[in-house]
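Data first, discussion second: the structure below is written as structure tokens.
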Amino acid sequence: LTKHSLSSHESCAEEDLIQTFLQKLLMMNYRARYLMINNEQDFTQQRNNDSSEDESDFFNDMSSPYKATSESDTIHPMDVQMAVFHCADSFLKQLMVTKLSQCQYALPLLVPDPFTQEIEFPLWTFRQINKSWKMKDAKNEISQIQPVWKAETPMVSFFKFGSVSSSKSQLMNNLINDKHNTFFHRHCPGSSKTRLLMDGVVEIAWYCPSGKDTDKFNQCIAFCNLHGDAGDSEKQLQILTEMASVNVVVLPQLGKNDRCAEQIQNLYKDRKPLICLFTDDEFTATKTKKGKYKIGLKDRNQSNVYVELRRAINDCLSGSRSSFILEDMSEYFKQHCPNIRVDEKYDDDCKRGKEAAQQMMSLLEKKKLTEMKESFLPCQGKLWHQWCEKNKELHRSQGNETEIEISGIHSEMKKIRDEQYNCNISEFMKFFIEEINSKDANKKNYFLKWIRILLDEYTSDYLSHLTNEHAELDRISRELQAATFGLEHILREIGQIYESCKSLNKNKEGLPCDFSSLPSLAAEMMISGFPLELMDGDAAHVPVVWVTAVLHELIQKLGDKRVFVLSVLGIQSSGKSTMLNAMFGLQFAVSAGRCTRGAFMQLVRVSEEMKKQLKFDYILIVDTEGLRALELSGRSTRHQDNELATFVVGLGNLTLINILGENPSELQDILQIVVQAFMRMKKVRLNPSCMFVHQNVSEVTAGEKNMEGRRRLQQTLDEMTKLAAKDEVYDAECFNDVITFDIQKDVKYFAQLWEGSPPMAPSNPDYYENVQDLKKYILSHASKSDGMMSIDLKYRIKDLWEALLNEKFVFSFKNSLEISAYRKLETEYSKWSWSLRSAMLEIENKLHITIKNEVTNKVEETDLQTELNKTSEEVKKSMSEFFKTDTYAAVLIQWKAHFDFKITELQENIVRETKQKLNEILKQRDTVKEIDAQKTRHINTLFNKSKELAFKLKDKAKDEETLKKEFDLFWEQSVKKINTDKQTSTREIDIFGDMKRFLSNNYKSVPVDAWTESMDIFSLPNYSDYVQFKKSKDETQIRTLVSDIARQADNMIMSYNIATVGYNKTYIQQITDCIMGRVTEHQDKPVKYVFKNDFFMVLVYSICKRANKTFTDQHRLFKEANDPAIYVRKKREEYYSIFTKHLNGATSTAIFGEIICQKLKEPVEQSVYKNTARNLTGEIRKNCPLLKEKRSELEKHILKYLAEHEDFSSYMNYIHNPRDLFKSFISVVVSQYITDNFSENLSVLPKIKENTALLQKKIIEAAHEATEHVQVNSGDVNLWLKRFTEQLSDVLIFSVKDLSGVSRDGVDDLNLLEEVIKKELNLSDIGREISADTFVQKLNPMDRPDEILSNELCKCCWVQCPFCEASCTNTIENHPGHHSVPFHRVTGLNGYYYDQTHNLCADFCSTVVASKKSFKTSEKWIPYKEYRTAGGVYAEWSITPDFSEHPYWKWFVCRFQKDLEIYTGALGDFWKMLFS
């Protein structure tokens, strides 16, 4: 598609002649020959423009020496045609000649090379041309359609000698078609005296009778015209005179001595009929002897001349038995004129392609045509049709099919696929696949052309014979279907070979290549311009697996290009394919005998210049079978028409509705189908456009008639809309309620296709002007559309067809484009939310440190918001860019406002949560002050006592071992004393004991003693032991309540921050009271059940049981950090070092410096691990394949993980407590990631080293800055220490109070202090002894990567399917639209039973929603198909029918059948039959 192809010119610049000629010719506009060159000098200006009228003189002006452009300076139109012909490759030549034939123009038969004069016979160019005619005899009428290259007809040759006054070509035109210039002549528009490339060219045209009395000849006759003086083209003359049945020569008055006299004499003496036309004589037709005529042309009535000439030719032919066949000429040349170049013989690729095609066709010999497809193409016949029927049966439920019956249909379909797979590949198919798998592209293209040509030839006679029969219409229809054998059927067979291999996932014996490469071969053909069958018209089915595989390969070869889909609908033989061929230069089948069946799609590439105007790379043309096709009589045509219309309307960005004439009944039929299709699209939020094309409308320029036609069309559309609205249960009063439609602009009227009556009528130029105008309007419309990506097209085809397979299209349609766009938005949202969260984590960490250092004493939301502003602006900018520039921008815009709000809400929540956490830390800081003070007091006491011991032993000469023993004795005594003084907060805890005591004291009605450790509410198959049901046994609400309470308890436990402040018995009291409050509140609602006393007890015990490890682990961390004895033991080496330095007489400054370094090690280590954990969290979120995807992908990874581990309890946890399982899975993945990436060469240890080095640098810089500050301000060590800790106050939990009990006497050399810190601050051992496990253990639970990621990833939708309890997989809480999940489960796993039985349901909810079954809620039966009418959570779900085999959950039931029987009590016979 080029910019030039949109222009419509009757004249053009000289440099545009070729392009404009080709454009018009390819559109079959016969005015292509009449192009005029724009010439600004056509008229010579007056010599003196200023002269007055009085001064002008007729004789002077008319005798002016200035000359206008002469005729000899213009380019002859036939020179343009022949120049293109000479320069074109074989395929363009063939296309060009085919189009010339469709324009009813004469075709080049013998063409001399303009440079070498070598004559070429372009037989190849005739191979695609068919001619049809009718002949009448006394008894009946005979119709024939034949390729011209094999048609046996008489030939009448015309030539002239010398210069003659009459136009031979004009005479021939009037002879065979007086309304059209079949042969170009001197009086045609644009003709000139100068003609460079036509002399010696022989053209041929066929006269085809119509079987009427007005026919000029009663048989098909080939007329040949030798251009130029025959005396100068002896070889051409010889060939024509020998092959012709009648020779017609145009002569001036000749004498015996003239140059051509001898040639005329020989022709006259020859037995072959000769008709001489004398331009300088006036006599009427005279028969000089048998077969010899003379006719004068001068000053005669031309009509009489044509009658006489026609009569003479008929008379000559009646006595002649000679005929010629175009193809036989090549053999004639081989024997008699070897110097004539036959194009097919000289082109090696063409020759090899033909030989291969002929070899392939030889395999069809001796086989009855109606049996060929069954023999050679077995996969697409009976078996494929049976599979299609079964597939429709599967999707179109009759009502109460069980999963067993559905499984049976799957088995039958698989059996059919097995049979398809086991069908032998015929040698015919093997040969074809080998040829198209060839690397020689040119030969392959020739082969494909040849096989199409030879197949058409092979079948045309039989098809023509069938269409002429008038009896036994059903038999003829069947035979027509069986005998139609074309390239499309071969490709269909390849598609079925692929689908059968794909279903078994193994290669077929005898297949020349791997089955997986077959779609690639079809994609290459599509790129080369061949259409791909989209819907099999014989089976009325879309081979989805094949089509999507081909499109996948197309994307691999071209890239995921943007396409605009233009589809066309109309009744049969209304000219749809003809219109598309003319508009885009395509080659869809257009003959009445080969109407389009099903739907085909073809790519049209958009040129680079046009891409600037349009927003897509390709136009995909979808041509369809005619609605109300006659071949489908007796079949469900109405239903199939509805399917086809819905399919192509849904697929197309724009659909052309093609109407032949304005027949009211036809109009009404097609419009009802079309309106219903558009209404369905409206209901599933697809927004295609449409245009109406009225073809074959006479008086197309009559404005009043068009206005009336538009009014009637609008009225009919509105009526059909009301009718369709009833069928589709949709509120619409007029067509514009369904689709945006402008009756003035979106309705086009086309002139008749033919200018006269076929078969001799040329195509109507006005028709093609209408086509060109339509093309411009279509592209103007398309320029406002984004089209769709190729991958979305692939999914759209699949979605549409799967929805059509179900009877309720709207209910079943799944818009993959919207889903894909939304999933992409989810992914981006995850990135935006993580950006905000990770930024706030940094802010929180910094403020946490300053709070601990008592620098910050108050946290306000405004301060946090200010800190977050930079990241917030970046996120907003990223969002704006995404919604504007993303591929799916047009689809995404519907969610923009919602996501703007969600990000704002998220930001507010993050700020609020962070403020709460930091304020909690502020409270906790005050709570642990006494513990910290006690710890500091113990440490400082030990420091002072160790110093005293050092001074005491300093002057006593003792060896090092003795000194060490003295110190150890002192240390043990000190620790022992600390142990006796320590507070109760660091003693061991007993969660269950505290809980029992609290329940016994405060909830006396609760049977505490009945509790056993095996009780766990989270692993119960049902709640029947703890709940008394009033009516229906629906446990969904109870499970939701239990999950919500458990989650609330988890949040409470995490908020206690036990690792920092320690455990308190009141926590159990708070949790228990919260649980009781929630249970009581729920019971007060209008629920259909009552909780027994045991329920509350089991719920409290179960929550405490699962929280016990968290309590214990966090208390252990608190104890390690705050138990003075444990803490002091860890400091032994540090204080021994200081002790030895005192012994060795180190200065107070040096010792003070070392104490600072010792005190810094612990906060540095904490900070390094915390920073590393935070860095790792971001890395995992970005790089870990299992955690970086959206929620739906995470769900798949979890299902895979569960299947690999085959642990029944994990499955039950996943089914009933999905959030818990998600957190466990995230912990496992994070732990594995840390383990896999821990080493020196990977991620964790390098990060630890990097963070350590960074802190070490900051500490040294802080020491240096403190020294300089003291020197400037003449301060002392106290000022130095204050300045030093201030510099580190936002990176380390370290303050002046940590050194409050350490003596600073004698610390006066601050430069030395700085040097000591530089030297003694050895942090290299951080991480040296650490492992992946101990690294995580050293972290506060809130800082662990798995905890951070769980908080992020689990903030998604957890609403469960009301039937099977599968959780919605939307990444966003409170998301727009309905809840959905890609994998539903067996409803029995949710505790559903068949009514009045003890058998668990064995249905999948995604299957039953398409059935006629019902479910019970609140004593009311509701059809599954109308599940949303149940209201509540049912109305919030979108459950798309899915008739796949659900292999995952069927495997689960088979694998854990025994476990399930124990868990549920009884499965029921259905389960055993279905899953055994």
Side-chain angles (χ1 to χ4, degrees), residues 93-94 97-98 100-101 106-111 119-135 142-158 176 182 202-209 217-226 235-248 272-273 313 316-338 340-346 350-351 354-355 357-358 361-362 365 449-450 452-465 591 759:
K93 275 184 185 177
Q94 187 183 73
V97 169
T98 303
L100 285 169
S101 173
L107 315 175
L109 179 67
L110 298 174
V111 183
I119 299 171
E120 180 184 57
F121 170 44
L123 176 59
W124 166 252
T125 64
F126 292 88
R127 292 291 186 180
Q128 285 192 309
I129 301 170
N130 292 311
K131 291 288 183 182
S132 61
W133 63 88
K134 288 183 181 178
M135 296 186 296
I142 302 168
S143 295
Q144 283 195 305
I145 302 174
Q146 280 198 342
V148 294
W149 51 269
K150 65 175 289 190
E152 186 174 0
T153 65
M155 180 204 284
V156 178
S157 65
F158 280 73
I176 62 176
T182 304
V202 176
E203 288 186 306
I204 186 170
W206 283 264
Y207 175 81
C208 298
F217 300 96
N218 59 9
Q219 61 181 318
C220 182
I221 303 171
F223 286 86
C224 289
N225 181 8
L226 172 58
K235 181 59 70 178
Q236 293 93 313
L237 179 63
Q238 176 195 340
I239 293 166
L240 285 184
T241 53
E242 287 185 16
M243 303 201 75
S245 302
V246 179
N247 290 312
V248 181
K272 190 165 288 186
I313 290 172
C316 292
L317 290 176
S318 64
S320 171
R321 294 183 179 178
S322 69
S323 61
F324 101 111
I325 299 173
L326 201 62
E327 190 177 35
D328 291 348
M329 288 180 70
S330 60
E331 195 58 36
Y332 171 85
F333 294 144
K334 183 178 178 181
Q335 295 178 14
H336 303 288
C337 306
I340 301 293
R341 184 179 182 274
V342 181
D343 58 353
E344 292 179 359
K345 306 289 185 184
Y346 277 76
C350 180
K351 193 158 55 175
K354 182 179 182 181
E355 287 167 358
Q358 286 175 329
M361 292 300 296
S362 68
E365 290 176 1
K449 284 275 190 183
W450 272 115
R452 179 182 273 176
I453 290 164
L454 297 178
L455 278 172
D456 283 350
E457 177 207 4
Y458 193 78
T459 59
S460 60
D461 287 342
Y462 188 79
L463 292 174
S464 179
H465 165 71
S591 66

Which residues share a salt bridge (charged side-chain N to carboxylate O under 4.0 Å, His left out) with K131, sequence neighbours left out: none

Geometric class of the F223/F217 ring pair [parallel <30°, tilted 30-60°, perpendicular >60°]: tilted

Close side-chain approach of F126 to P147, heavy-atom, < 4.5 Å: no

Residues that K272 engages under salt bridge (charged side-chain N to carboxylate O under 4.0 Å, His left out), provided they are two or more places apart: none

Verdict with supporting geometry, W450 and C350, side-chain contact (heavy atoms from CB on, under 4.5 Å): CA-CA 9 Å; W450 272 115; C350 180; 3.6 Å; yes

Any side-chain heavy-atom pair of L107 and I129 under 4.5 Å: yes

Under 3.5 Å: donor-acceptor pair, side chain of Q94, backbone of W124: yes

E327/R127 salt bridge by N-O under 4.0 Å criterion: yes

Main-chain N/O of L455 paired with T459 side-chain donor or acceptor, under 3.5 Å: yes

Partners meeting salt bridge (charged side-chain N to carboxylate O under 4.0 Å, His left out) with K334 (sequence neighbours left out): none

CG-CG distance between L110 and L237, expressed to the nearest 0.5 angstrom: 11.5 Å

Atom pair SG/CD1 of C208 and I176 - distance to nearest 0.5 Å: 9.5 Å

Within the 6.0 Å centroid threshold, strictly below: F121 and Y332: no

Side-chain touch I221/P154, heavy atoms, less than 4.5 angstrom: yes

NE2 on H336 to CD on E331, rounded to 0.5 Å: 9.0 Å

Value rounded to 0.5 Å, distance of CD1 in I325 from CE in M155: 11.5 Å

Main-chain N/O of T241 paired to S157 side chain as donor or acceptor, under 3.5 Å: no

Presence of salt bridge, E120 and R341, under 4.0 angstrom: yes

Which residues share a side chain to side chain donor-acceptor pair (under 3.5 Å) with T98, sequence neighbours left out: none

Non-hydrogen atoms of Y346 and P338 that approach each other most closely: OH-O, 4.3 Å

Any C337 side-chain heavy atom under 4.5 Å of I239 side chain: yes

Point-to-point distance, once rounded to the nearest 0.5 Å, from CG of L317 to OG of S323: 11.0 Å

Side-chain heavy-atom pair I453, E457 within 4.5 angstrom cut-off: no

Check: L123 main-chain N/O paired with D343 side-chain donor or acceptor under 3.5 Å: yes

Non-hydrogen side-chain atoms of C224 and L109 separated by less than 4.5 Å: yes

K345 side, atom NZ; I340 side, atom CD1 - distance, nearest 0.5 Å: 14.5 Å

With sequence neighbours excluded, residues passing side-chain contact (heavy atoms from CB on, under 4.5 Å) with A151: W133, Q146, T153

Criterion salt bridge (Lys or Arg N to Asp or Glu O under 4.0 Å) against E344, the qualifying member of K449, K351, K93, K354: K354

Side chain to side chain donor-acceptor pair (under 3.5 Å) against Q128, all qualifying residues, sequence neighbours excluded: none

